[in-house]
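Remarks on the structure that follows.
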Amino acid sequence: MRGKDVRLDKVAIRFGGTTAVQPTDLAIEAGEFFSILGPSGCGKTTLLRTISGFIEPSDGRVLIGGEDMAGKGPNERPTALIFQNLALFPLMSVAENVAFGLEARGVRKRQRLARAEELLALVALEGYGGKMPSDLSGGQRQRVAIARALAVEPSVLLLDEPLSALDLKLRQHMRAELRAIQKRVGITFIYITHDQGEALTMSDRVAVMSRGRIEQVASADSIYADPATPFVSTFVGEQNVFPGTVVSANANEAVVETPVGKVSGRPKGALAPGAPVLVMVRPERLALDGRRENSFPARLAERHLEGASVNLVFEAKERRILAVVPNGPAARDLPEEMTLSFGRSDAMVYPEGPLANG
Amino acid sequence: MSAASTESRGAQLVLNIYVGLFVLYLFLPLAVMSAAAFNAYDYPSVTQWQGFTLKWFVALAHDQRLLQGLWNSLLVALGVIVVSIPAGLCGALILTRLQAKTGTALYSVLVSPVLTPGIILGISSLIFWRRFGVPGGLFVAVMAQSSFIASYAMLLFLARLQRQDRTQEEAALDLGAGHFMVFRRITLPFLAPTAFTAAVVAFLQSFENYNTTVFAIGGEWTLVTEIASRLRFGLSPVINVVGVIFVALTVAAAVTYVLLNSRKKQA
Amino acid sequence: MGSLARAYGRPLAALIIGITVLWILALIVVPLGAMVEQSLWWKESAGETSLTIDRLYNDIATLQLDRDSATDTEKQAALDAEIVAKQAQATELEASEKNPRKIYGLANFTRMSELHIYIFVRTIFYALLVTLLALVVCYPLAYAVALASGPRKTVVLTVALIVPYAINELLRVYAWLMILDYRGVINGVLGWLGVVDLDNRGWIPFLENPSAVFVAMIYTYVLFMVFPMVNTLETLDRNQIEAARDLGATSWRIHRRVIIPHAKPGIAVGCIMTFMLSAGSYSVPQIMTRGQGGDWFSQLVYRQFYESNNWNMGSAYAVSLLVVCTLFILLMMRLFGVGLRDIAK
């Protein structure tokens, strides 16, 4: 099996008057584990169904392995889709399910059942071929769906939140397993999810989507450390958000007037004095002393022990501020009135824009 | 929780007696009719009892017109199944894919025969087919009955299709199956149990039908129209024998159904 | 239509649409249209035409006399023209006398005799009465079945209702024929008690009274009221009743405010089915009157088709019945605030 690259060329999708996906360019490399992360209704499933051929784009082209997919139905594309509810065929045995794609290609019964057995072995389900899907557990059904999709030797495997129905433990286990299977078969995986944990742990690269638009495409690390927009910044991980106006700015530093005083940070985008901006600081970047560049007084309101870390909720100028510190002597017996600070490189200054939580 | 807890004891007692009387009201006339089948008296009666006999059963076995009627009924029922199951299936398939507004209009047209008096369906079919030179008979009876039995079949298919997981068809398509294969391997197997139920319902509806058939049947006859015309002229206990057989078959079917159901629940 | 093609492909979608269209056209719409069309015309009767022709020839003769006695040429010419016109009209009518004309109009409806109108109205009245009585009888029954305690009791009750329901309606009517017959069960019992004298034909002629049809009809169609009501009542959450009782509502108020509103769709369906079946019933009156009485409208319709051989008049009668049934359905839907989709279980 060989992966193929997937390229979206100004793809836009409209249903009646509403635009589900804004004109989008996207290049997914062959053999990559690529995730599309976004809240429900952001258009990610629409995008996936467009790649798989259930939806024709209103504008633009979908290219798989360099070939234009226009006019090709889902049964003519080198893709296989794993549905959110898996969509196993309940009236067929597990082996028949896995062999279905081969049956559609006219492979003889003996051969296709033999191949189904191999694929079941690949997903660690040897000997389950004779069972019915209803006899299997959630995780086993998951693997049958994967085997069924792999049976048609797709170049691109599309996964539509397939883990969302599983419980937490199994979900974590299946993440690792999916990643391992992808490494083994080497084809392109495009994974849709609203769960940032899934996207960050499994993927080579992640696209974050909001309101029909891709906000950022980057590796999991840079998505977290260097989010491109206020939306990505607040959708992936926690942020403390300080609204303010620019006092002065150059390419490396922006000084902003905020409710907690004047602060400086890294500018994300062109900023002019007087422009409304959002300053974001990750909770783990807040220090419980006044030693960094930007400091302000705060009152400790709540303390939640998480185990390895402690969540501290402060109040400053009627704003709630979250700090996460490692558990230890320094996190105990804190006074009520404190001074918090963060470094210039820990703060990112964005032009005002929509946030993830409305 | 039970009805007993929602009603006072006295009210519950009254309700139970009422239900008992009603069931008695339903069954007594049938018992009278059945009993007369075994009376040796020439006229169907239970009050003039002249001794137990099975001779009316023998008479039925030699009654050529009734036997021919039975055969005709079976032919018509078969025809109705052949016409109404595909029609009902196709109607249901379209309705499940239509937008609400057009869907309601089409739905109204397709269920209207169920709400139309049977004689009207018989009459309109009779008139319609005569314009093609087809006189009343078994064929017109099949068409007249199918017009409303297809609606019943459609309602059964619709109920089933509402529980269908549409992604299965999509998954099959995505795995490379052609539309025809999707229909044959996914859609039809899913609908098969309903098709069987619909066929049984269609058979029973057709076999029992009188009001529509009597207008459409012309000079031919089915078992039921023959019974009706017998009732107009000399009454004979042979009809009671037919009644006994009907009652026995129905009770047997009901008991089997209940037993099968309770076994399924235990399993 | 697009989604159908996407789901099943063009050829299959075309087949599915084709079969449905065929069903609608050949089994539903066009036959109904044919019946309505048939009700809207009649063949001009030969008797009327020849009468008109005779009258025309009389007129011509009179005009001829006038013409012969007329003196001024102007008047003669006018009369000549009139004679020629009348002659042409007569010739035309003579031709159509051999091949009567189809005339469109509402006469088939307006020419209904007073007796037939009376029977029509009575049929509708009885059908309404059957519906109302069935509703009253069935409500407590449906309530008891739907809220019966224990699955066992539910099964027993359901079977007790389904068995008589499944038995052919003719046989159910026949059972009542045996009960109400001259030498039937009731007269037999009365004779045994000495109330009537069967040997001298002193029986009570139940069958000669129109209410015999009524009694049998209730028996035959009562169960069409029960099942829709049971179906909707079964979906009622019993906690609602408990809650209402807990809040101090009387039984009457619980029925009026909780149970009946919930059962509305079932009641509407039950009423529609019962009314439609009884208003259009041919089997019950036919058997109960043994083909002698003409008490029920459906029997008039049958006679127009199979005895008078007047299909136009028969169609008009059938259309009238259809109109009343449709109005009743619309009325019930409005009254109970249910849509057509609620109606089909």
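Reminder, nothing fancy here: chain letters follow the sequence lines and each chain counts from 1. Only heavy atoms go into these numbers, but all of them, side chains included; no hydrogens, no water, no symmetry mates. Small disclaimer: the values here were computed from a predicted structure and weren't measured.
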Can you name the closest pair of heavy atoms from A/Phe54 and B/Asp174 and give their distance?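 Closest approach of A/Phe54 to B/Asp174: CZ-CB, 4.0 Å.
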
Which bit of [X] comes within less than 4.5 Å of chain B, counting heavy atoms only: side chain, backbone, both or neither?
X	answer
A/Leu81	both
A/Gln84	neither
A/Arg77	neither
A/Leu88	backbone

Does A/Phe33 have more than 12 heavy atoms from other residues, nucleotides or ligands lying within 6.0 Å of its CZ?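 More than 12 within 6.0 Å, yes.
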
How many angstroms lie between atom [atom1] of [X] and atom [atom2] of [Y], to the nearest 0.5 angstrom?
X	Y	atom1	atom2	result
B/Asp165	A/Phe83	CG	CZ	9.0 Å
B/Met181	A/Asn75	CE	CG	11.0 Å
A/Asn85	B/Arg166	CG	CZ	13.0 Å

Are the side chain of A/Arg105 and the backbone of B/Leu175 linked by a donor-acceptor contact shorter than 3.5 Å?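 Flag set: sc A/Arg105 to bb B/Leu175 pair under 3.5 Å.
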
Quick one: does B/Pro189's side chain get under 4.5 Å of A/Met92's, heavy atoms only?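 No. Closest side-chain heavy atoms not under 4.5 Å.
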
Would a 4.5 Å heavy-atom cut-off, applied to side chains only, mark A/Phe100 and B/Arg185 as touching?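 Yes, their side chains come closer than 4.5 Å.
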
Which atoms of B/Leu173 approach chain A - backbone, side chain, both or neither, heavy atom under 4.5 Å: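 Contact with chain A: backbone and side chain both.
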
